[in-house]
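In what follows, a structure is listed as structure tokens, so that the remarks can point back to it.
Along the sequence shown, the residues carry numbers beginning at 1.
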Amino acid sequence: QVQLVESGGGSVQTGGSLTLSCVASGLPFSLTSMAWFRQAPGKEREFVARISWRGIISDYPDSVKGRFTISRDNAKNTVYLQMNSLEPEDTAVYYCARGRTPGIGAQNYDSWGQGTQVTVAS
């Protein structure tokens, strides 16, 4: 049974930083691409970052490029999201997800964590 558990969310001021973690179990983590998504109230789930199974390839939308960094530690079955220069528009619940097929749509991922709340105050 696949389980993804996120942590590290919280409340910060504009310009602050947070690092999210997602610990995975029940899957061959070192062979699995992973991603982070976010969902703000009243909005659709949005792609934030993805990383290949060896951590060599990463991808971001323009809205977070240069501010967010995804990384992974396959020895710890953990994927991270370092978020810098946070803005109120980054406020959302952040989810990690396991890749099923290549792509950045939610339909390309088939296992999701419970989410962790990130709130950025102006």
Side-chain angles (χ1 to χ4, degrees):
Q1 178 179 344
V2 176
Q3 190 171 21
L4 304 174
V5 180
E6 302 98 334
S7 62
S11 297
V12 297
Q13 297 291 318
T14 296
S17 299
L18 284 173
T19 299
L20 307 183
S21 300
C22 172
V23 179
S25 60
L27 73 162
F29 183 80
S30 62
L31 301 178
T32 303
S33 64
M34 299 293 294
W36 287 93
F37 286 74
R38 66 187 181 188
Q39 189 166 19
K43 295 188 176 181
E44 293 188 355
R45 195 162 292 193
E46 174 190 21
F47 166 72
V48 174
R50 64 174 173 169
I51 189 166
S52 61
W53 59 279
R54 286 196 294 176
I56 295 175
I57 300 171
S58 59
D59 190 18
Y60 309 88
D62 288 344
S63 58
V64 307
K65 194 173 294 182
R67 300 189 298 122
F68 290 12
T69 303
I70 189 171
S71 62
R72 65 190 298 161
D73 185 340
N74 286 347
K76 295 182 178 180
N77 279 15
T78 303
V79 60
Y80 303 96
L81 185 67
Q82 172 69 44
M83 304 185 294
N84 298 324
S85 301
L86 283 162
E87 304 166 352
E89 294 73 21
D90 296 317
T91 294
V93 177
Y94 283 71
Y95 300 89
C96 69
R98 176 182 75 164
R100 180 176 65 88
T101 56
I104 62 172
Q107 70 276 7
N108 298 114
Y109 297 83
D110 66 355
S111 296
W112 298 82
Q114 82 289 348
T116 186
Q117 176 71 47
V118 171
T119 302
V120 185
S122 57

Q) Does any pair with a residue in residues 9-48 pass ring pair (Phe, Tyr, Trp, His ring centres under 6.0 Å), and if so which ones, sequence neighbours excluded? A) Phe37-Phe47, Phe37-Tyr109, Phe37-Trp112

Pairwise side-chain contact, [X] with [Y], heavy-atom cut-off 4.5 Å (strictly under):
X: Trp53; Y: Thr32; answer: no
X: Ile51; Y: Val79; answer: yes
X: Leu86; Y: Leu18; answer: yes
X: Tyr80; Y: Ile70; answer: no
X: Val48; Y: Leu81; answer: yes
X: Leu4; Y: Met34; answer: yes
X: Arg67; Y: Asp90; answer: yes

Under 3.5 Å, side chain of [X] to main-chain N/O of [Y], donor-acceptor pair present?
X: Ser33; Y: Ser52; answer: no
X: Glu6; Y: Gln114; answer: yes
X: Thr119; Y: Ser11; answer: no
X: Thr78; Y: Lys76; answer: yes

Q) Roughly how far, to the nearest 0.5 Å, is CZ of Arg45 from OH of Tyr94? A) 13.0 Å

Q: Check the pair Gln117, Thr91 against side chain to side chain contact (heavy atoms under 4.5 Å, CB included), reporting the backbone distance first and the verdict last.
A: CA-CA 8 Å; Gln117 176 71 47; Thr91 294; 4.0 Å; yes

Q | More than 12 heavy atoms from other groups under 6.0 Å of CG on Leu31 | A | yes

(Q) For the NZ atom on Lys65, are there more than 12 heavy atoms of other groups (residues, nucleotides or ligands in this structure) within a distance under 6.0 Å? (A) yes

Q: With sequence neighbours left out, write down each residue that passes side-chain hydrogen bond (donor to acceptor under 3.5 Å, both in side chains) with Glu87, or none if nothing qualifies.
A: none

(Q) Walk me through whether Arg98 and Asp110 qualify under side chain to side chain contact (heavy atoms under 4.5 Å, CB included). (A) CA-CA 6 Å; Arg98 176 182 75 164; Asp110 66 355; 3.0 Å; yes

Q: Could you state whether Val118 and Val23 fall into the same hydrophobic cluster, counting links through intermediate Ile, Leu, Val, Met, Phe, Trp or Tyr residues with side-chain heavy atoms under 4.5 angstrom apart?
A: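 Cluster IDs for Val118 and Val23 differ.
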
Q: Consider only side-chain heavy atoms of I, L, V, M, F, W and Y, link residues closer than 4.5 Å, and tell whether Val12 and Met83 are in one cluster.
A: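 Looking at the clustering, Met83 is in the same group as Val12.
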
Minimum heavy-atom separation for [X] to [Y], with atom names?
X: Arg100; Y: Gln107; result: NH2-O, 2.8 Å
X: Thr69; Y: Tyr60; result: CA-OH, 3.3 Å
X: Thr14; Y: Pro88; result: OG1-CD, 3.5 Å

Q.
Taking side-chain contact (heavy atoms from CB on, under 4.5 Å) as the definition, give me every residue that meets it alongside Ser30, ordered by chain and number, with sequence neighbours left out.
A.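 Partners of Ser30 under the side-chain contact (heavy atoms from CB on, under 4.5 Å) test: Asn74.
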
(Q) Within the 3.5 Å criterion, strictly below it, is a donor on Ser17 or Asn84 matched to an acceptor on the partner's side chain? (A) yes

(Q) Whether Arg38 engages the ring of Tyr95 as a cation-pi pair (distance to the six-membered ring centre under 6.0 angstrom, angle to the ring normal within 45°) should be assessed. (A)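 That pair does not qualify as a cation-pi contact.
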
